[in-house]
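Only a predicted model underlies this, so the values are computations on that prediction, with no experimental measurement involved. Numbers restart at 1 for each chain; the letters A, B, ... are given by sequence-line order, proteins then strands.
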Amino acid sequence: MTTPSTSRDRAADEPAVYDASSIEQKWQSRWQEEGTNSPDLEHGESPYYQLMMFPYPSAEGLHIGNLYAFTGNDIQGRFRRQQGHTVFEPIGFDAFGIHSENFALKVGVHPLELIPRNIANFRRQLSAAGLMVDWSRELSTTDPAYYKWTQWIFLKLYERGLAYKKGAAVNWCPSCKTVLANEQVIAGACERCGTPVEQRFLDQWFFRITDYAERLLKNLDWIDWSDSTKTAQRNWIGRSEGAEIVFGKRETGNGKGESGDPFPVSHLPFPAVPVFTTRPDTVFGATYLVLAPEHPLVEQLTTAEQRAEVDAYRERTARQDLVSRKITEKEKTGVFTGATATNPATGEQVPVWIADYVLMEYGTGAIMAVPGHDARDFEFATAFGLPIVRVVAADGESPEAPLGEAYTGGGRLVNSGEFSGMTVADGKRAITEWLARRGAADARINFRLHDWCISRQRYWGPPIPVIYCDACGTVPVPEQDLPVELPYLENFKPDDTGVSPLARDESWYRVLCPRCGGLGRRETDVSDTFLDSAWYFLRYPSVRRGDVPFDDTLTRRWLPVDWYIGGNEHAVLHLLYARFITMVLHDAGLLPFEEPFRKFRAHGMIIRDGAKMSKTKGNVVNPDVYIEQWGADTFRTYLMFLGPYEEGGDFRDSGISGVRRFLERLWRTALEATAGGEPDEAVMRKLHQTIRKVTEDTAALGYNTAIAAMMEYMNTLRAGERTAHRDEVEPLVQLVAPYAPHMAEELWERMHEGLSGVTRQRVLDSGWPVADSALAAEEMIEIAVQVNGKLRARLHLPAGSTQADAERAALADAQVAKFVTGTPKKVIYVPGRLVSIVV
RNA sequence: GCCGGGAUGGCGAAAUCGGUAGACGCACGAGACUUAAAAUCUUGUGGGGGAAACCCCAUGCGGGUUCGAGUCCCGCUCCCGGCACCA
């Protein structure tokens, strides 16, 4: 072995120029050659599944928001790996869906051609960013080997009675002749052509996610997720406790039926109308009823005189799109049906109206209107001259005090018979029980969560694996016949039939019934993209298995996901659906857990120069340009430095240079470091403080402050005329490795050049430095001295100083003495921090 | 309207079991090196007063609790994100 040349000699020979581009290319190809990022999933110790939300591979390429998410995720993964975990950081592409399809239509290229092209571009960009991604287990939702199992999941739900078909309203653009998602309806018009949107009823497949509402809500209490995400899910699930109250049920009864049974038509005009309310305590103030215009009872209730008006109103509502119907600011409209119903509390007859502010899909599709204590009802009652009665009064308020607006606050019941005087809470309970005893009410819990409509009358998605047979009805495609492959359609544009373009390919949809062998017809709708993404994390570890969706052993070993990072824009839909599907598979005995993600954190949004990035503003950051100019290491580190990861940050070009300077200083300092002599004690103290801070902050996503701490340490290292000792620098290279992985590897290699044994070791597998609290401890501490709360002096005392020492030193200080006359009234001591003197 | 999150120097931001406000970085000023520029290095930088030592003011606005408040409480304003006639 030759005499090891020190880095210093080397630095003297050739100038240590930091060439980011060549270093990054070198390490990216090494990682690929050495399989660095493909962990041994069967045997690797201490598995750690670090997951990021997979991207939709758009034609524009990687968005800065994606890269921000991925970098933060990658740093966490690398950090865990250095701490000794076997880290699995997979990637895939969410490439089905309307988004891709619309884009393909726009540019006139088939998605089958377009998507692989986009994915290739994404691969290039993601590699250039230096992500520790396991490319050997990449997946795409559009791959038949993947969506075979998406279809299989549909079958599992179908088997369990959780998939069903029913008619449902959709937005329909009569000009584009297609179904629109709610997001595609802008102010009641089609976002593309501006034509007013109508409602249509189509048969659609639904998943019974509402069966899981209670559980989806309950588990939120214990899963370790961002609070903002949990709150969003809670609101979305929208649990409401209340009662279903029946209006119009005859007290004496006719000997048949429990509460809620609609009376036969012959009983006109008193059919029973069940309503849902969260305020059963206000039933004495219910002065009229309102039904959704499409409520089935409207037909029976409407009197001959009102028929024309009611029909006209219903028709008008039906023409309206689903979005603008739900606009709050809109003026209230409605029509009287001519019928009245009995208020079960007062026994009075109240008029029954229909109005579009009542929605058929929530509760019973009918409400008891309490204009005195509900803002919407108040508005309606005012518009149509309906009676307004006060049944709740705030403490000290007169029961007869007039209501200028709906009073929705608490207080005591008034004008409510024997219940007057009760609090709102007691009244709720008591009145519900009272009505229940008479068969006119039931306590009830309602959710605003609706069943998940998974049907899409589109082309670019996995065909729903169902066959319709005249003899057998709906027949699921047998498992062994999966996948039902999406056929190549030259023309995949949606048309005016309102059914999927797949319905044009007769050779595809004409099949034999798997049950009876007779003539059958495939379902021509495809499933929602959100179904593709509701289970992809289960597939990653088992992506090489063709025979099962997910391997048992691998799943037990790697799932649930240890840490999931993604945007809060998916707080409700994707994250809720993923939880739901996991629960269903758990209930089917296919998964040993019911929550898919142990830990979820939402990253923040990244804006630019104080404004949201958008193509129209022309302030979109193209990662390629920045990586080319500054290098991936600088770009990554800068992205993480601009603000707290969970809050996002403001991207400004001017800030990048500071990060680049920091890395260059590190580069020079490391290569100039000497192995001779001893490290400096004060520097080592700072080093151990830095290790502690970077470790804590990195683990808690405090990337910006972790970077600041490393910069601070770099300033310490470079203070004065000295050359750093390699023991002072090596741990810093390890700390910076998750942030600037290429440079760290290069430095690590150069610093160990000529040394045997460790030469082959990569910084990624070199471990994570451990802070030594003894070495980190300060010898001297600074104590602030306040007099009457104002800072008057700073004392430097030995670390072991007692309260008495500190007080003595404080009072002895000249500056302090100026403000302390006589004996202090009180002295407060905060150990190691301050002395507060009150005079 | 409801639910989250936020407001701190010229700018991005630190600091929240209440305890030295502005770490780190950008930008800017001064200096060193250079024929010069760039790069690099040193140094200064919240506002006001003062020759200085120091003093006063300052974390969106108005109150409060406290020896002490960016942090806690009450009442507002504005910004961002989400949901939105859910009874």
Side-chain angles (χ1 to χ4, degrees), chain A residues 226-232 234-236 238-240 242 275-279 282 290 323 325-330 332 355-359 361-370 373-377 379-380 446-450 568-569 571-572 602 604-605 607 609-610 612 638 641-644 646-659 661-662 664-665 668 702 704-715 718-719 721 782-795 814-815 818 824-839:
Chain A
S226 297
D227 285 335
S228 57
T229 313
K230 293 211 267 190
T231 307
R234 283 196 185 98
N235 293 342
W236 187 264
R239 185 181 193 274
S240 294
V275 303
F276 174 71
T277 178
T278 55
R279 296 292 305 273
T282 62
V290 188
V323 178
R325 161 122 183 230
K326 297 185 183 178
I327 291 174
T328 324
E329 295 83 37
K330 201 180 66 167
K332 295 277 182 288
D356 68 355
Y357 82 92
V358 174
L359 309 171
E361 66 264 25
Y362 185 77
T364 62
I367 61 155
M368 64 174 207
V370 185
H373 306 283
D374 180 280
R376 296 153 302 182
D377 297 344
E379 201 189 322
F380 190 83
N446 250 312
F447 295 92
R448 56 190 305 170
L449 180 70
H450 295 139
N568 236 351
E569 69 273 17
V572 282
M605 250 209 347
I607 56 171
D609 298 319
K612 207 170 166 176
Y638 176 60
F641 185 58
L642 28 97
E646 288 173 88
E647 283 167 37
D650 190 357
F651 190 99
R652 282 166 202 257
D653 286 7
S654 61
I656 304 174
S657 58
V659 170
R661 267 199 280 269
F662 161 66
E664 282 180 354
R665 283 175 193 150
R668 285 196 301 270
N704 57 331
T705 48
I707 294 164
M710 290 189 274
M711 286 174 166
E712 215 179 316
Y713 179 58
M714 176 55 58
N715 294 341
R718 293 179 65 81
E721 292 292 303
E782 196 181 68
I783 302 265
V785 183
Q786 290 180 354
V787 180
N788 285 349
K790 279 197 192 296
L791 180 71
R792 294 302 178 188
R794 287 163 193 187
L795 305 173
Q815 212 31 248
K818 263 168 50 183
K825 279 188 199 140
K826 194 170 162 191
V827 178
I828 294 139
Y829 177 67
V830 181
R833 305 220 66 150
L834 65 64
V835 175
S836 183
I837 299 165
V838 188
V839 293

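- Backbone-only engagement by A:Arg792 is indicated by non-hydrogen atom pairs under 4.0 Å involving sugar-phosphate atoms exclusively.
- Here B:rG81 presents its C1' atom at 13 Å from CG of A:Asn235, a figure rounded to the nearest Å.
- A:Met714 has its CE atom 15 Å from the C1' atom of B:rC41, to the nearest Å.
- Along RNA chain B, the nucleotide nearest A:Glu664 and the nucleotide nearest A:Ile828 are compared for position; the residue whose nucleotide lies closer to the 5' end is A:Glu664.
- Within 4.0 Å (heavy atoms only), A:Gln815 reaches sugar-phosphate atoms of the nucleic acid but no base atom.
- Judged by closest nucleotide on RNA chain B, A:Glu647 is the one of A:Val659 and A:Glu647 placed further toward the 5' end.
- At a threshold of 4.0 angstrom between heavy atoms, the contacts of A:Val358 include nucleobase atoms, whether or not backbone atoms are also involved.
- Within the 4.0 angstrom heavy-atom criterion, only backbone atoms of the sugar-phosphate kind lie near A:Asn704; the bases stay farther away.
- Note on A:Phe447: nothing from the nucleic acid sits closer than 4.0 angstrom, heavy atoms only.
- Within the nucleic acid shown, A:Asn715 comes within 4.0 Å of sugar-phosphate atoms alone, with no base atom in reach, counting heavy atoms only.
- Side chain of A:Pro644, nearest nucleotide from B:rA13, B:rU20, B:rC24: B:rA13.
- Counting non-hydrogen atoms under 4.0 angstrom, A:Arg794 reaches a base of the nucleic acid.
- Interface remark: the A:Lys825 side chain does not form any donor-acceptor pair with the B:rC67 base, using a distance-only criterion of under 3.5 Å.
- OP1 and OP2 of B:rG4 both lie 4.0 Å or more from every side-chain N or O belonging to A:Arg234.
- Among the nucleotides B:rC56, B:rG4, B:rC24, the one closest to the side chain of A:Lys790 is B:rC56.
- Distance CZ (A:Phe662) to C1' (B:rC26): 16 Å, rounded to an integer number of Å.
- Rounded to whole angstrom, the span from the CE atom of A:Met711 across to the C1' atom of B:rG25 amounts to 6 Å.
- Using cut-offs of 30° and 60° for the angle between ring planes, the A:Tyr357 and A:Phe380 rings count as tilted.
- Scanning atom types as modelled, no donor and acceptor separated by under 3.5 angstrom connect the side chain of A:Ser654 and the base of B:rC26.
- Looking at the side chain of A:Met605, the nearest of the listed nucleotides B:rC83, B:rG81, B:rG19 is B:rG81.
- The listed nucleotides are B:rG19, B:rA87, B:rG12; the one nearest the side chain of A:Phe641 is B:rG12.
- Closest approach to the A:Thr231 side chain among B:rA87, B:rG4, B:rA14 is made by B:rG4 (side chain taken as heavy atoms from C-beta onward).
- Side-chain nitrogen and oxygen atoms of A:Arg665 include at least one within less than 4.0 Å of the OP1 or OP2 phosphate oxygen of B:rC41.
- Of the candidates A:Asp374, A:Leu359, A:Val290, A:Ile367 forms a side-chain contact (heavy atoms from CB on, under 4.5 Å) with just one, namely A:Val290.
- In this structure, B:rG81 forms a base pair with B:rC3, meeting either the Watson-Crick or the G-U wobble geometry with both donor-acceptor distances under 3.5 Å.
- Taking atom CH2 of A:Trp236 as the reference point, atom P of B:rC3 lies 18 Å away to the nearest angstrom.
- Among the heavy atoms of the strands lying under 4.0 Å from A:Leu834 is at least one base atom, whether or not backbone atoms are also near.
- Within the 4.0 angstrom heavy-atom criterion, base atoms lie near A:Ser836.
- A donor and an acceptor atom sit less than 3.5 Å apart, one in the side chain of A:Gln786 and one in the base of B:rG19.
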